[in-house]
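Notes for the one structure printed next.
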Amino acid sequence: MRTPPDTAADPGTFLFDSDCGFCRRAVSFARERVRARSRFVAWQNTDLGAFGLTPGQADEAAWLVYADGRRFRGGDAVAEVLLHGRPLTRPVGRMMRLPLLREVNRFVYRRVAANRHRLPGGTSACALDDPRRGGA
């Protein structure tokens with residue numbers, strides 16, 4: 001039987017959009033309140049190729065990348081960060097990985113990402129290209 005990778009030893013690197021005020025606020029929350037052990041790096045200030053990502057992928061969603069190459073996108077990345085936080089956040093991260101809740105988590109992430117320019121800390125720089133709005 002194969003043993004799953006030890007994510008406790010590697011809290012991963014969380015790549016976020018430093019141009020987005022909402023994203024910077026969310027990272028601040030993860031550091032200060034969740035006390036996540038993950039490394040938080042603005043994707044604009046890193047070699048994305050070292051993480052196996054393109055600027056387009058990084059601009060589209062947040063990512064959590066482990067040293068062994070596993071990558072988690074969007075809501076799945078948020079769940080992984082919670083797994084590396086305070087003891088009370090870990091069960092939430094585990095629940096967000098369950099099949100039905102994972103789909104809900106992904107949906108909520110997409111909705112938040114699409115509207116992040118309207119959320120606290122958000123600015124017009126946070127807006128994603130959306131043809132229904134005539135672009136960002």
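Just so it is clear, the structure is predicted and the values come from calculations on it, not from any experiment. Here, residue 1 is the first one in the sequence, and each next residue gets the next number.
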Closest heavy-atom pair and its distance - [X], [Y]:
| X | Y | result |
| --- | --- | --- |
| Phe14 | Ala77 | CE1-CB, 3.9 Å |
| Gly75 | Tyr109 | N-CG, 3.3 Å |
| Ala36 | Val81 | CB-CG1, 3.6 Å |

Counting N and O atoms only, with roles assigned by atom type, does the side chain of [X] sit under 3.5 Å from a partner on the main chain of [Y], one being a donor and the other an acceptor?
| X | Y | result |
| --- | --- | --- |
| Asn115 | Arg111 | yes |
| Arg102 | Arg97 | yes |
| Arg90 | Gly85 | yes |

Partners passing side chain to side chain contact (heavy atoms under 4.5 Å, CB included) against [X] (at least two apart in sequence or in another chain):
| X | answer |
| --- | --- |
| Asn105 | Asp76, Ala79, Met96 |
| Arg31 | Val27, Phe40 |
| Val108 | Val104, Val112 |
| Arg33 | Phe29 |

Linking I/L/V/M/F/W/Y whenever any side-chain heavy atoms sit under 4.5 Å apart, do [X] and [Y] land together?
| X | Y | result |
| --- | --- | --- |
| Phe16 | Trp43 | no |
| Leu101 | Val92 | no |
| Val34 | Leu64 | no |

Original post:
Which residues satisfy the salt bridge (Lys or Arg N to Asp or Glu O under 4.0 Å) test with Arg39, sequence neighbours excluded?
Top reply: Asp10
**OP:** Taking the side chain as every heavy atom from C-beta outward, state whether Arg73 and Gln57 have any pair of such atoms under 4.5 Å apart.
**Re:** no
**OP:** Enter the distance from His84:NE2 to Arg37:CZ here, rounded to the nearest 0.5 Å.
**Re:** 6.5 Å
Can you give me every donor-acceptor pair (side chain of residues 44-53, partner residue at least two apart or in another chain, under 3.5 Å) with its distance?
unit_1	atom_1	unit_2	atom_2	d
Gln44	OE1	Ser18	N	3.1
Gln44	OE1	Ser18	OG	3.2
Gln44	NE2	Asp17	OD1	2.6
Gln44	NE2	Asp19	OD2	3.3
Asp47	OD1	Gly49	N	3.2

